[in-house]
Amino acid sequence: MRVRFAPSPTGLLHVGGARAALYNWLMARGSGGEFLLRIEDTDRERSTPENIEQILDALRWLGLDWDGEPVLQTTHEERHRAVVQTLLDEDKAYRSTATAEDVKAFKAEHGADRGFRGGDHPTRVSAEDAARGVGAVRLRVPEGETVVRDLVRGDTTFKNVHLDDPVVARADGSPLYNLAVAIDDLDAGITHVVRGEDHLSNTPKQLLVLQAMGAEAPLYAHLPLLHGPDGKKLSKRHGAASVQELRDAGYLPDAVVNYLALLGWGDVDDETEIPRDELVKRFDIARVSKNPARFDEQKLRWLNGRYLRAQGLDALVAAVQGHLIEAGHGHMVAGKEDLLRTAVEISQEKITTVDEFWPLAGFLFTGPADDLQAREKWLDEPHREHLAAVRETLAGVDPFDTEHVDAALRALVGERGVKAKDVFQPLRVALAGRAISPGVFESAAALGREETLRRVDLALEG
RNA sequence: GCCCUCAUGGUGUAGCGGUUAGCACGCCAGCCUUUCACGCUGGUAGCGAGAGUUCGAUUCUCUCUGGGGGUACCA
């Protein structure tokens, strides 16, 4: 089995594209086949080297490694042109100056469901003009029907009468998409073309090109498209529509891979959390759903939380650190590796994305936040009284670790006969500046006695 | 308009002629609890509609309705 992912570098890698890449990758890795990368850069206006690099980056981040070097489609132009010439020589294609209006007029005359035929149409250019490169090259569509052998939707039949003679090359001889893909997949020995459903309607054209070349067609698998929460085609307007955005939002690549795999594919045993290596073993393209799926960020969040909590501390610290650096907070934690490690450890259970770490635990590095409501509620007169007692207790705790802080404070609560939260919350607000933080004992221990007392004093004064 | 295509709760799915229609997210409630979470328990909600086929349709066929994609000298 040899498959490929063929993005066009006209922007960031979209989650739909990422899913197509993932399915291709899963097929290849699950079968011992090859996963190739081809950059469809024939749209020279919109294709940029930056976009290519971004896409490769996104793929790397997701852990979807490809075989061999990425191939640029434009490097095959000679071959494409040669095929066009052969088609012309064999009269399987012809040159025509037909415009959109000509095609419309043709349909008005012959019926809306009749494909345009320019072989003996007035717009067909003369032999002399053709030799001078006048007119776009159109492929002759033969009679009969074209069937797409599709692994996810079964065979799809297109009656050739409905198809227009497709333009396969511009007047200047430069190849067009439907010709180029067909040839490139053929030359690369691609056995399965797995791509988005938006390509389904184009497939018969590509099949016709192959047929004209006397070549054999690959098998196809057209994936249903991904929609946004509003049911419309997923686009930039939907927030996290690109892999880059997912990454910035603090999602873990493994969680994204797991989520995407399940978006449109389900195994018989219906599991939700499936690690990558299991995915590789179990993924079956034939079981991919036929209906379009909505990208549900809430479920991704949940799944990400599961992965995040299951992650080893070292890996999570590395992920958090990388994310902080990208977010511009790198300097805040530089040189404080031990504290960072502790902070991550005590935050792991409370965050669902890497992005949530800083808002939750940043106070350990920068000082208390400034949540007025929290202060008003938990640092009023009666609570300060408790806090003063807390200070006194804490000053005598030794060693100053979670266990001892915990024991001492609980004893204090019992002693004073008050509700636990009336003692713990003021301390939390004193340390974190807000009512939400990692465990208060853990936080105090992480800060150390000196800093803890300093912040408590500050709260007592303020 | 024309061509192709899809249809199980709000969302993603399991099901492949006979099930109390399963799982997960979400939502609601309770428990746990120093906040927030996590976790646990329970609950809410579904086979788009109409004809067939059949002893029996969520499952097979057709129609309708609704959704999606395509319809470029873009990819």
Side-chain angles (χ1 to χ4, degrees), chain A residues 6-10 40-43 45-47 73 96-100 103-104 107 111-115 135-138 148 150 153 156-159 161-164 166-178 180-181 196-205 222 224-225 227 229 231-233 259 262-273 287 289-303 305-306 309 347-352 356 360 374 378 406 409-410 413 419-429 432 434-441:
Chain A
S8 65
T10 53
E40 311 252 306
D41 60 342
T42 50
D43 184 343
E45 301 282 301
R46 298 188 295 161
S47 300
Q73 185 162 60
S96 162
T97 57
T99 61
V103 172
K104 228 172 116 185
K107 286 173 191 284
D113 61 347
R114 285 314 178 103
V137 180
R138 282 184 186 266
V148 179
D150 194 300
R153 23 202 0 114
T156 301
T157 304
F158 292 81
K159 292 188 178 63
V161 251
H162 299 314
L163 271 26
D164 293 336
V167 177
V168 293
R170 298 184 180 90
D172 66 6
S174 57
L176 253 23
Y177 175 72
N178 287 125
V181 255
E197 196 196 79
D198 47 339
H199 290 280
L200 183 57
S201 299
N202 288 136
T203 308
K205 299 177 191 170
H222 286 97
L225 266 19
H227 290 173
K232 298 271 164 58
K233 190 175 174 180
Y259 177 70
L262 252 31
L263 236 204
W265 169 76
D267 202 0
V268 238
D269 49 21
D270 217 13
E271 293 287 323
T272 304
E273 290 173 67
R287 283 189 60 88
S289 161
K290 296 188 192 68
N291 32 344
R294 294 189 195 207
F295 183 79
D296 179 10
E297 200 172 345
Q298 280 194 109
K299 189 159 185 177
L300 205 212
R301 283 189 74 81
W302 169 80
L303 195 56
R306 301 282 300 182
R309 265 166 258 123
S347 302
Q348 184 163 13
E349 218 177 58
K350 297 172 187 293
I351 58 179
T352 56
E356 287 173 358
L360 182 75
W378 298 108
D406 184 329
L409 256 23
R410 280 186 198 283
V413 168
K419 277 195 269 188
K421 64 176 176 182
D422 284 324
V423 171
F424 299 145
Q425 284 299 87
L427 175 59
R428 183 191 308 283
V429 175
R434 57 203 293 257
I436 299 172
S437 79
V440 71
F441 312 132

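Below, chains carry the letters A, B, ... as their sequence lines are ordered, and counting in each starts from 1. What you see is a predicted model; the values in this text were computed from it and never measured.
A:D406 pairs by the salt bridge (Lys or Arg N to Asp or Glu O under 4.0 Å) definition with A:R410, not counting sequence neighbours. For A:F441, the ring-ring contact (aromatic ring centres under 6.0 Å, His included) test picks out A:F424, with sequence neighbours left out. Every salt bridge (Lys or Arg N to Asp or Glu O under 4.0 Å) that A:D164 has, sequence neighbours left out, goes to A:K107. Partners of A:R434 according to the salt bridge (Lys or Arg N to Asp or Glu O under 4.0 Å) rule, which considers only residues two or more places apart in sequence or in another chain, do not exist here. Applying the salt bridge (Lys or Arg N to Asp or Glu O under 4.0 Å) criterion to A:R114, with sequence neighbours excluded, gives no partner residue. In this view, A:T99 and A:E101, A:D102 satisfy the side chain to side chain contact (heavy atoms under 4.5 Å, CB included) rule, not counting sequence neighbours. Applying the ring-ring contact (aromatic ring centres under 6.0 Å, His included) test to A:H162 and every residue at least two apart in sequence or in another chain returns nothing.
Comparing the C1' positions of B:rA21 and B:rA57 gives an interatomic distance of 13 Å, to the nearest angstrom.
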Are any protein N/O atoms closer than 3.5 Å to N/O atoms in nucleotides 66-70 of chain B? If there are, list each pair with its distance.
from	atom 1	to	atom 2	distance (Å)
B:rG69	N2	A:S201	OG	3.0

Might you list the N or O atoms of the protein lying below 3.5 Å from N or O atoms in nucleotides 36-38 of chain B, with each pair's distance?
from	atom 1	to	atom 2	distance (Å)
B:rC36	N3	A:K350	NZ	2.6
B:rC36	N4	A:K350	NZ	3.4
B:rC38	O3'	A:R309	NH1	3.2

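As judged by a 4.0 angstrom heavy-atom cut-off over every strand, A:R153 is placed among residues touching the sugar-phosphate backbone only. As judged by a 4.0 angstrom heavy-atom cut-off over every strand, A:V167 is placed among residues touching the sugar-phosphate backbone only. Among the atoms of the strands shown, only primed sugar atoms or phosphate atoms (P, OP1, OP2) are found under 4.0 Å from some heavy atom of A:G264. Among the atoms of the strands shown, only primed sugar atoms or phosphate atoms (P, OP1, OP2) are found under 4.0 Å from some heavy atom of A:T42. Within 4.0 Å of A:V268, counting heavy atoms only, lie sugar-phosphate atoms of the nucleic acid but no base atom. Within 4.0 Å of A:A420, counting heavy atoms only, lie sugar-phosphate atoms of the nucleic acid but no base atom. Heavy atoms of A:Y259 sit nowhere under 4.0 angstrom from any nucleic acid atom.
Proximity note for A:F158 (side chain, C-beta onward) versus B:rU11, B:rC73, B:rC3: the nearest is B:rC3. Here B:rG26 is the nucleotide among B:rU11, B:rG26, B:rU34 with the atom lying nearest to any side-chain atom of A:Q298. When distances run from any side-chain atom of A:R428 to the nucleotides B:rC25, B:rC2, B:rU34, the shortest one goes to B:rU34.
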